[in-house]
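Accompanying notes for the structure given below.
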Amino acid sequence: MTRLSNLGTAYREHALAEPAYYRVMFEQAVPGFRPSAEALAVAATAFEASTAAVTACIDSGAFRPGDAQEIAKILWAASHGAVSLEIAGHFPPDTAAHRYETLMTAVAQAFSARPATATADSASPTEEGQTS
């Protein structure tokens, strides 16, 4: 799980350090630009690190058996959504890291081989409806 968590942290940190690059890569910041088949193939190769980390979680018993590539894509979608909202200013700096960690923990829990347990760090009912 540590390796998978570290990949997510690196993804977020790089996106926040290079928001313009992140936007070009994922948000079609250049009108009409579409990555070539070769560029997409390179991106798929880079994504293999996430799939390998999920496979390690399955093999270690942290995650229940499943399609590692599909699980990695779901985790990426969650990570990408939170990071995109943070870059766009929808998550203020004082809450963004906590929201990211809460989301990633919740999504990973969906694949966990162990039952969920409540923690003191869980979002309180009063926070659920807040938008900032």
* What distance do T55 atom OG1 and Q69 atom CD have between them, rounded to the nearest 0.5 Å? -> 9.5 Å
* **C57 side, atom SG; R64 side, atom CZ - distance, nearest 0.5 Å** => 13.0 Å
* **Minimum heavy-atom distance between A53 and L7, given as atom pair plus value** =>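 Where A53 meets L7 most closely, the heavy atoms are CB-CD1, 3.8 Å.
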* Structure fact -> G61 and A113 have their tightest heavy-atom pair at O-CB, 3.0 Å
* salt bridge (charged side-chain N to carboxylate O under 4.0 Å, His left out) contacts in which one or both residues fall within residues 2-22, not counting sequence neighbours -> R12-E86
* Quick one: which residue pairs count as a salt bridge (charged side-chain N to carboxylate O under 4.0 Å, His left out) with a foot in residues 37-55, not counting sequence neighbours? =>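 Every candidate salt bridge (charged side-chain N to carboxylate O under 4.0 Å, His left out) pair involving residues 37-55 fails, so no pair, neighbours aside, qualifies.
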* To do: Kindly say whether A108 contributes a backbone atom to a donor-acceptor pair with the side chain of S112 at under 3.5 angstrom?
  =>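 Flag not set: sc S112 to bb A108 has no pair under 3.5 Å.
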* Heavy-atom donor-acceptor pair, S84 side chain to G81 backbone, under 3.5 Å -> no
* Asked: Do E101 and T9 pass the side-chain contact (heavy atoms from CB on, under 4.5 Å) test, and can you show the C-alpha distance, the side-chain angles, and the key distance before you say yes or no?
  -> CA-CA 9 Å; E101 291 302 323; T9 298; 4.3 Å; yes
* To do: Linking directly or through intermediates, with side-chain heavy atoms under 4.5 Å: list the remaining ILVMFWY members grouped with L103, chain and number order.
  =>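 In the cluster with L103 are M1, L4, Y11, L16, Y21, Y22, M25, F26, F47, V54, I58, F63, I71, I74, L75, W76, V83, I87, Y100, M104, V107, F111.
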